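To start, the structure itself, in structure tokens.
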Amino acid sequence: METAPFTVAIDGPAAAGKGTLSRAVAAQFGFGHLDTGLLYRAVGAQVLSGRDAVEAARSLDREALEDPALRTAEVAQAASKVAVIADVRAALLDFQRAFARRAGGAVLDGRDIGTVICPQAEVKLFVTASAEVRAGRRLAELQARGDTTDFETVLADVKARDARDSDRAEAPLRPADTAHVLDTSDMTIEDAVARAVGLVEAARS
Ligand code: C5P
């Protein structure tokens, strides 16, 4: 028997912990998970290799999303630059909407899931933390992968992306009206996961 669609939308600024939370919620409930930032990163990476952004978005292949090279700060900046282009966003819309309403439930994390991609999502979370806390977490992740960048560089990167994502005309970063705002600055990941799981359980019962 197929289960009815159930969407958890997890939005928030760069390095707020959306990925960790989304994976934990998806695993807990057996939902599919789509990290929508990877779509923009894949387009950004292709632009860095000389391709046109809109063409890259229109012909995006799911296998390109697996590439570990998409995790670099350079690709993140390129992603936030292509993400302001309306035709790029439009080209990525149908895939995200279909994923959101797939049978068996879905968690999508990004910037505009609760506001644009799936306003009917059963649970909407807006996960945030101070820029300094987010930069510290991102630095630890990058260092674990052997990157030798420093805190000030990562902080500047996080702030530049925050500004670009919040100030753009198309699908700007902001909490949906009905989103639960989760500030994880002073929370452990376990606490944040417990809050998110509790909200999903409440919405399912
Ligand atoms: O989430 P992540 O940091 O991987 O996203 C990279 C960039 O992609 C963001 O800075 C943002 O500009 C863009 N993005 C977006 N909408 C989404 C997900 C990501 O505009 N739903």
Side-chain angles (χ1 to χ4, degrees), residues 7-23 26 32-48 53-54 56-57 60 62 64-100 106-119 121 124-129 131 133-142 145 147 149 153-176 179 182 184:
T7 314
V8 183
I10 303 190
D11 290 307
K18 303 183 299 290
T20 311
L21 261 185
S22 304
R23 282 188 295 274
H33 170 224
L34 179 64
D35 171 355
T36 65
L38 284 178
L39 303 172
Y40 294 90
R41 285 173 182 258
V43 175
Q46 293 198 34
V47 168
L48 291 176
V54 178
L60 203 62
R62 275 209 79 172
L65 306 182
E66 312 288 331
D67 187 351
L70 300 183
R71 304 281 173 189
T72 65
E74 190 194 10
V75 172
Q77 287 293 344
S80 82
K81 289 179 189 162
V82 301
V84 306
I85 305 170
D87 286 347
V88 166
R89 305 198 72 84
L92 302 175
L93 201 67
D94 287 349
F95 174 68
Q96 294 177 83
R97 286 199 172 143
F99 192 95
V107 183
L108 285 84
D109 70 278
R111 303 291 187 289
D112 62 340
I113 309 304
T115 51
V116 174
I117 302 297
C118 196
K124 296 180 193 172
L125 281 176
F126 190 85
V127 185
T128 186
V133 166
R134 290 185 284 123
R137 290 177 187 162
R138 181 51 51 92
L139 179 66
E141 260 174 47
L142 290 169
R145 285 203 294 273
D147 195 313
T149 189
T153 307
V154 179
L155 182 61
D157 174 74
V158 159
K159 286 184 172 172
R161 280 209 288 146
D162 283 357
R164 208 178 286 123
D165 292 349
S166 304
D167 296 344
R168 69 185 178 213
E170 286 294 321
L173 172 67
R174 62 170 179 80
L182 209 62
T184 65

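Order of listing sets the numbers, starting from 1, for every ligand and every atom in it. Here the structure is a predicted model, which means the values were calculated and not measured.
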Quick one: salt bridge (charged side-chain N to carboxylate O under 4.0 Å, His left out) partners of Arg164, sequence neighbours excluded?
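Once residues adjacent in sequence are excluded, Arg164 has no partner under the salt bridge (charged side-chain N to carboxylate O under 4.0 Å, His left out) criterion.
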Please evaluate residues Leu139 and Thr149 with respect to the criterion side chain to side chain contact (heavy atoms under 4.5 Å, CB included), reporting the C-alpha separation (whole Å), side-chain torsions for both, the decisive distance (0.1 Å), and the verdict.
CA-CA 7 Å; Leu139 179 66; Thr149 189; 3.9 Å; yes
Side chains of residues 33-40: which donor-acceptor pairs under 3.5 Å do they make with residues two or more places apart or in other chains?
unit_1: His33; atom_1: NE2; unit_2: Asp109; atom_2: OD1; d: 2.6
unit_1: Asp35; atom_1: OD1; unit_2: Gly37; atom_2: N; d: 3.0
unit_1: Thr36; atom_1: OG1; unit_2: Asp109; atom_2: O; d: 2.6
unit_1: Tyr40; atom_1: OH; unit_2: Arg89; atom_2: NH2; d: 3.3

Check ligand 1 for close polar pairs with the protein: N or O on both sides, less than 3.5 Å.
unit_1: ligand 1; atom_1: 1 (O); unit_2: Arg111; atom_2: NH1; d: 2.9
unit_1: ligand 1; atom_1: 3 (O); unit_2: Arg41; atom_2: NH2; d: 3.2
unit_1: ligand 1; atom_1: 3 (O); unit_2: Arg111; atom_2: NH2; d: 3.2
unit_1: ligand 1; atom_1: 3 (O); unit_2: Arg161; atom_2: NH1; d: 2.7
unit_1: ligand 1; atom_1: 4 (O); unit_2: Arg41; atom_2: NE; d: 2.5
unit_1: ligand 1; atom_1: 4 (O); unit_2: Arg41; atom_2: NH2; d: 3.2
unit_1: ligand 1; atom_1: 10 (O); unit_2: Arg111; atom_2: NH2; d: 3.3
unit_1: ligand 1; atom_1: 10 (O); unit_2: Arg161; atom_2: NH1; d: 2.9
unit_1: ligand 1; atom_1: 10 (O); unit_2: Asp165; atom_2: OD2; d: 2.9
unit_1: ligand 1; atom_1: 12 (O); unit_2: Asp165; atom_2: OD1; d: 2.5
unit_1: ligand 1; atom_1: 12 (O); unit_2: Asp165; atom_2: OD2; d: 3.4
unit_1: ligand 1; atom_1: 16 (N); unit_2: Arg89; atom_2: NH2; d: 3.1
unit_1: ligand 1; atom_1: 20 (O); unit_2: Arg89; atom_2: NH1; d: 2.8
unit_1: ligand 1; atom_1: 20 (O); unit_2: Arg89; atom_2: NH2; d: 3.4
unit_1: ligand 1; atom_1: 20 (O); unit_2: Arg168; atom_2: NH1; d: 2.8
unit_1: ligand 1; atom_1: 20 (O); unit_2: Arg168; atom_2: NH2; d: 2.9
unit_1: ligand 1; atom_1: 21 (N); unit_2: Thr36; atom_2: OG1; d: 3.0
unit_1: ligand 1; atom_1: 21 (N); unit_2: Arg111; atom_2: N; d: 3.1
unit_1: ligand 1; atom_1: 21 (N); unit_2: Asp112; atom_2: OD1; d: 2.9

Kindly indicate whether the side chain of Leu48, heavy atoms from C-beta on, has any atom under 4.5 Å from the side chain of Val75.
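In contact.
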When the side chains of residues 10-21 are checked against the rest of the protein, which donor-acceptor pairs come out under 3.5 Å, sequence neighbours left out?
unit_1: Asp11; atom_1: OD1; unit_2: Arg111; atom_2: N; d: 3.2
unit_1: Asp11; atom_1: OD1; unit_2: Asp112; atom_2: N; d: 3.1
unit_1: Asp11; atom_1: OD1; unit_2: Ile113; atom_2: N; d: 2.9
unit_1: Asp11; atom_1: OD2; unit_2: Ile113; atom_2: N; d: 3.2
unit_1: Asp11; atom_1: OD2; unit_2: Gly114; atom_2: N; d: 2.8
unit_1: Lys18; atom_1: NZ; unit_2: Gly12; atom_2: O; d: 3.2
unit_1: Lys18; atom_1: NZ; unit_2: Pro13; atom_2: O; d: 2.9

Give the C-alpha distance, both sets of side-chain angles, the deciding distance and a yes or no for side chain to side chain contact (heavy atoms under 4.5 Å, CB included) between Ile117 and Phe95.
CA-CA 10 Å; Ile117 302 297; Phe95 174 68; over 6 Å; no
